[in-house]
Amino acid sequence: MRIVIAEDSVLLRAGLTKLLADGGFDVVDAVADAEQLLRAVAEHRPDLALIDVRMPPTHTDEGIRAALVIRNQFPAVAVLVLSQYVEERYATDLLSVRTSGVGYLLKDRVAHVSDFLAALRRVAAGGTALDPEVVAQLLVRHRQDPMDRLTPRELEVLRLMAEGRSNHGIVDTLKVSHSAVEKYITSILSKLDLPPTDTDHRRVLAVLRFLRI
């Protein structure tokens with residue numbers, strides 16, 4: 001079984017490479033960032049890509065976004081995300097593309113090497129491997145209204161946005177700094193699951209969601 005590893009930690013990347021090689025896997029490449037990952041997958045067309053969520057340059061969600069690209073552009077390549085975090089926004093997208101050949105495991109909850117290797121084989125064979133904590137968080141997310149995630153101050157900022165106030169107008173009304181308003185708006189867009197896009201105006205979409213309630 002041919003595998004590409006994407007992990008920015010040098011020690012963990014080397015450890016995974018040795019662990020998988022000892023387990024009978026063929027690690028055809030081990031890379032440190034999402035750009036190298038996509039190149040490696042295009043070149044080697046592995047059976048599976050083992051991917052960390054947070055990688056350079058921003059260490060936020062590069063890995064899981066690359067996993068989505070792989071799922072769309074290289075459907076024959078299975079994907080197993082190995083992370084310390086549950087990135088809810090992207091995990092839902094990753095699991096909704098196809099229900100076969102996909103996994104999402106949390107590093108701190110992998111208790112046995114044999115179970116981890118079995119999960120790799122299962123995903124590469126077209127199955128799934130999901131940590132129960134990942135499933136639980138996604139279920140909770142779908143039961144909640146995203147508006148429930150906003151703090152009272154964030155709701156107040158969103159209400160002022162719905163009234164057509166600019167950032168400067170919100171600063172004058174709330175008597176806070178420009179940087180504070182920018183942080184509130186960034187948090188609002190994140191909590192409402194509105195990632196950056198070239199086609200949509202996120203501020204308008206946030207206001208529309210507010211007006212629906």
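Residue numbers count from 1 along this sequence. The model shown is predicted, which means the values in this text are computed figures rather than measured ones.
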With rounding to the nearest 0.5 angstrom, report the CG to CG distance, Leu82 to Leu16. 6.5 Å
State the CG-CZ distance between Leu189 and Arg202, to the nearest 0.5 angstrom. 4.5 Å
Mind checking whether [X] and [Y] sit in one hydrophobic cluster, side chains of I, L, V, M, F, W, Y counted as touching below 4.5 Å?
X: Val27; Y: Phe74; value: no
X: Leu150; Y: Ile170; value: yes
X: Met161; Y: Phe210; value: yes
X: Val41; Y: Leu80; value: no
X: Leu12; Y: Leu106; value: no

Considering all heavy atoms, the nearest [X]-[Y] contact:
X: Ala67; Y: Ile51; answer: CB-CD1, 3.8 Å
X: Ala78; Y: Val123; answer: CB-O, 3.5 Å
X: Gly126; Y: Ser100; answer: O-CB, 3.1 Å
X: Val207; Y: Ala162; answer: CG1-CA, 3.7 Å
X: Asp52; Y: Ser83; answer: OD1-CA, 4.0 Å
X: Ala206; Y: Met147; answer: O-CE, 4.2 Å

Report yes if the side chains of [X] and [Y] come closer than 4.5 Å at any heavy-atom pair, otherwise no.
X: Arg209; Y: Leu194; result: yes
X: Val81; Y: Val53; result: yes
X: Val4; Y: Pro46; result: yes
X: Val157; Y: Arg153; result: yes
X: Val77; Y: Leu48; result: no

I need the full list of salt bridge (Lys or Arg N to Asp or Glu O under 4.0 Å) pairs touching [range], with sequence neighbours left out, sorted by first then second residue.
range: residues 54-68; value: Arg54-Glu87, Asp61-Arg65, Asp61-Arg89
range: residues 165-175; value: Glu163-Arg165
range: residues 18-31; value: Lys18-Asp22

Please step through side-chain contact (heavy atoms from CB on, under 4.5 Å) for the pair Leu37 and Ile70, ending with a clear verdict. CA-CA 9 Å; Leu37 166 62; Ile70 293 169; 4.0 Å; yes
Pick one: which of Leu20, Ile5, Leu50 meets side-chain contact (heavy atoms from CB on, under 4.5 Å) with Phe25? Leu20
Within the distance-only criterion (no hydrogens, no angle test), does the side chain of Arg2 pair as donor or acceptor with the backbone N or O of Val28 below 3.5 angstrom? no
Backbone N or O of Lys191 within a donor-acceptor pair of the Arg149 side chain at under 3.5 Å? yes
Is there any side-chain hydrogen bond (donor to acceptor under 3.5 Å, both in side chains) pair reaching into residues 5-14, and which pairs are they, with sequence neighbours excluded? Glu7-Lys107
Show me the side-chain donor-acceptor pairs of residues 178-188 shorter than 3.5 Å, one per line, residues at least two apart or across chains.
| unit_1 | atom_1 | unit_2 | atom_2 | d |
| --- | --- | --- | --- | --- |
| Ser179 | OG | Ser177 | OG | 3.1 |
| Thr186 | OG1 | Glu182 | O | 2.9 |
| Ser187 | OG | Glu154 | OE2 | 2.7 |

Kindly determine whether Arg39 and Glu43 satisfy salt bridge (charged side-chain N to carboxylate O under 4.0 Å, His left out), including the steps that lead there. CA-CA 6 Å; Arg39 285 202 299 265; Glu43 178 183 352; over 6 Å; no
Residues 109-121, side-chain donor-acceptor partners within the protein, below 3.5 Å, at least two apart:
| unit_1 | atom_1 | unit_2 | atom_2 | d |
| --- | --- | --- | --- | --- |
| Arg109 | NE | Asp131 | OD1 | 2.8 |
| Arg109 | NE | Asp131 | OD2 | 3.0 |
| Arg109 | NH2 | Asp131 | OD1 | 3.3 |
| Arg121 | NH2 | Gly23 | O | 2.9 |

